[in-house]
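Here the structure comes first, spelled out in structure tokens, and everything after it is commentary.
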Amino acid sequence: MKRALVCGAGGFIGGHLVRRLKDEGFWVRGVDLKHHEHAPTAADEFIIGDLRDQQVCRGITEFAYDEIYQLAADMGGAGYIFTGEHDADVMHNSATINLNMLHRVQQTGVGKIFYSSSACIYPAYNQEDPENPKCSEESAYPAAPDSEYGWEKLFSERLYASFHRNYGIQVRVARFHNIFGPYGTWTGGKEKAPAALCRKVAEAPEGGTIEIWGDGLQTRSFLYIDECLEGIRRQMQSDFMGPVNIGSDEMVTINALAELAMGIAGKRVFLKHIPGPTGVRGRNSDNELIHQELGWRPSRPLMEGMVKTYNWIEKQVSAAQK
Ligand code: NAD
């Protein structure tokens with residue numbers, strides 16, 4: 001039986017990935033600072049541990065795994081990474097985790113290690129036009145990410161590439177673009193736009209008002225979790241090291257995303273635009289490389305994932321109001 005380690009297994013993508021690996025027949029160990037808030041883990045073993053601590057990393061790598069998925073990071077939505085208040089923690093915590101884990105796999109060996117980078121590494125200067133952002137993989141340099149979160153991801157991408165170059169470690173690096181779905185953070189300040197908008201719409205009365213950061217004309221694309229998992233697994237099974245985008249190319253404005261949530265809710269609410277952290281003006285996944293290298297690109301419409309996500313968040317909102 002193949003053995004996999006999922007770092008960040010108590011998080012949104014990690015929790016879903018553990019389930020997927022179990023369905024595929026892996027023995028899975030998960031590690032995280034915390035248990036998953038919204039669902040019991042599917043892992044064979046779940047270890048509560050801080051990956052900034054070298055002893056913890058040593059303890060969980062007593063043998064060579066077939067596959068390691070390094071998803072643990074200090075992260076959140078725009079309200080967390082663009083205010084500047086968490087910059088030192090974001091950079092220090094996430095970089096330390098990656099330094100520790102690569103140091104360990106250099107000592108113990110590993111079949112392959114996957115690292116989740118982000119669309120936030122792309123230069124701000126290519127994302128000023130909301131209609132026409134440029135996020136093809138080779139456009140990452142000259143580097144100019146718009147957040148320290150993005151700079152740390154870029155540093156860590158290079159760290160993984162260096163361990164491949166100097167120590168022959170098999171690495172796979174993907175740049176996720178706004179992954180969403182049920183069982184993700186939906187309140188508390190670390191939630192991302194789809195979850196935040198679903199929550200606001202679910203909480204609002206008919207004819208009420210919800211707040212949108214900025215003018216709402218900033219564009220993004222959002223990828224449903226199941227498609228993300230498919231992309232991760234395909235890359236892991238391939239010889240393609242990346243970095244490669246794993247994202248949707250169905251670009252929408254934030255206002256349109258709010259309208260979508262309203263349509264699903266069957267509720268009319270008004271949008272009030274207020275100042276807030278918004279990030280770049282436009283961002284969209286360029287899926288040419290993934291198609292070329294893996295013969296695959298995500299294809300399900302945004303609406304389909306939003307229906308599942310809205311229904312799950314509406315249930316959480318109702319339960320919280322009781
Ligand atoms: P998440 O915050 O839900 O999961 C990250 C997990 O890492 C959390 O459960 C957290 O407790 C854990 N963690 C943080 N510090 C830790 C530490 N010191 N030791 C052990 N565990 C620690 O985020 P997610 O949405 O599941 O994202 C997973 C990965 O994908 C992250 O690396 C993130 O940067 C990357 N990513 C996500 C998105 C997205 O849209 N969700 C987009 C781009 C990149």
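Counting starts at 1 for both ligands and their atoms, following the listed order. Computed over heavy atoms, backbone and side chain alike; hydrogens, waters and symmetry mates excluded.
- With a heavy-atom cut-off of 4.0 Å, His36 does not touch ligand 1 at all.
- Using a 4.0 Å cut-off to heavy atoms of Ala73, the atoms of ligand 1 that qualify are 5 (C), 7 (O), 14 (C), 31 (C), 32 (O), 34 (O).
- Distances shorter than 4.0 angstrom do not occur between any heavy atom of Thr185 and any atom of ligand 1.
- Taking the six-membered ring for Trp and thresholds of 30 and 60 degrees, Tyr167 and Phe163 have ring planes inclined between 30 and 60 degrees apart.
- With a heavy-atom cut-off of 4.0 Å, Lys34 touches ligand 1 through its side chain alone.
- Nearest heavy-atom pair across Arg220 and Thr278 is NH2-O, 3.0 Å.
- More than 12 heavy atoms of other residues, nucleotides or ligands shown are found within 6.0 angstrom of NE2 on His273.
- Taking the six-membered ring for Trp, His164 and Tyr160 have ring centres at least 6.0 Å apart.
- Figure legend: Arg3 and Phe63 shown as a cation-pi pair, the cationic atom lying under 6.0 angstrom from the six-membered ring centre and within 45 degrees of its axis.
- Under a 4.0 Å criterion applied to the non-hydrogen atoms of Gly8, ligand 1 contributes the atoms 6 (C), 7 (O).
- A salt bridge does not link Arg300 to Glu227: none of the charged nitrogens lies less than 4.0 Å from a carboxylate oxygen.
- Contact analysis puts Leu71 in contact with ligand 1, with a non-hydrogen atom separation below 4.0 angstrom.
- The distance criterion of under 3.5 Å between nitrogen or oxygen atoms is met by Leu51 with respect to ligand 1.
- At least one N or O atom of Ile13 sits closer than 3.5 Å to an N or O atom of ligand 1.
- Heavy atoms of Cys120 stay at 4.0 angstrom or farther from ligand 1.
- Remark: Lys22 engages Asp44 in a salt bridge, criterion side-chain N to carboxylate O under 4.0 Å.
- Remark: distances from the non-hydrogen atoms of Lys153 to ligand 1 include one below 4.0 Å.
- Using a 4.0 Å heavy-atom cutoff, Phe180 is absent from the residues neighbouring ligand 1.
- When heavy-atom distances to ligand 1 are checked against a 4.0 Å cut-off, Val31 has no atom that comes that close, whether in backbone or side chain.
- Using 4.0 Å as the threshold, Ser117 has a heavy atom nearer than that to some atom of ligand 1.
- Side-chain contact, Glu250 with Ser248: no donor N or O sits under 3.5 Å from an acceptor N or O.
- Under 4.0 angstrom from ligand 1, the non-hydrogen atoms of Asn178 all belong to its backbone.
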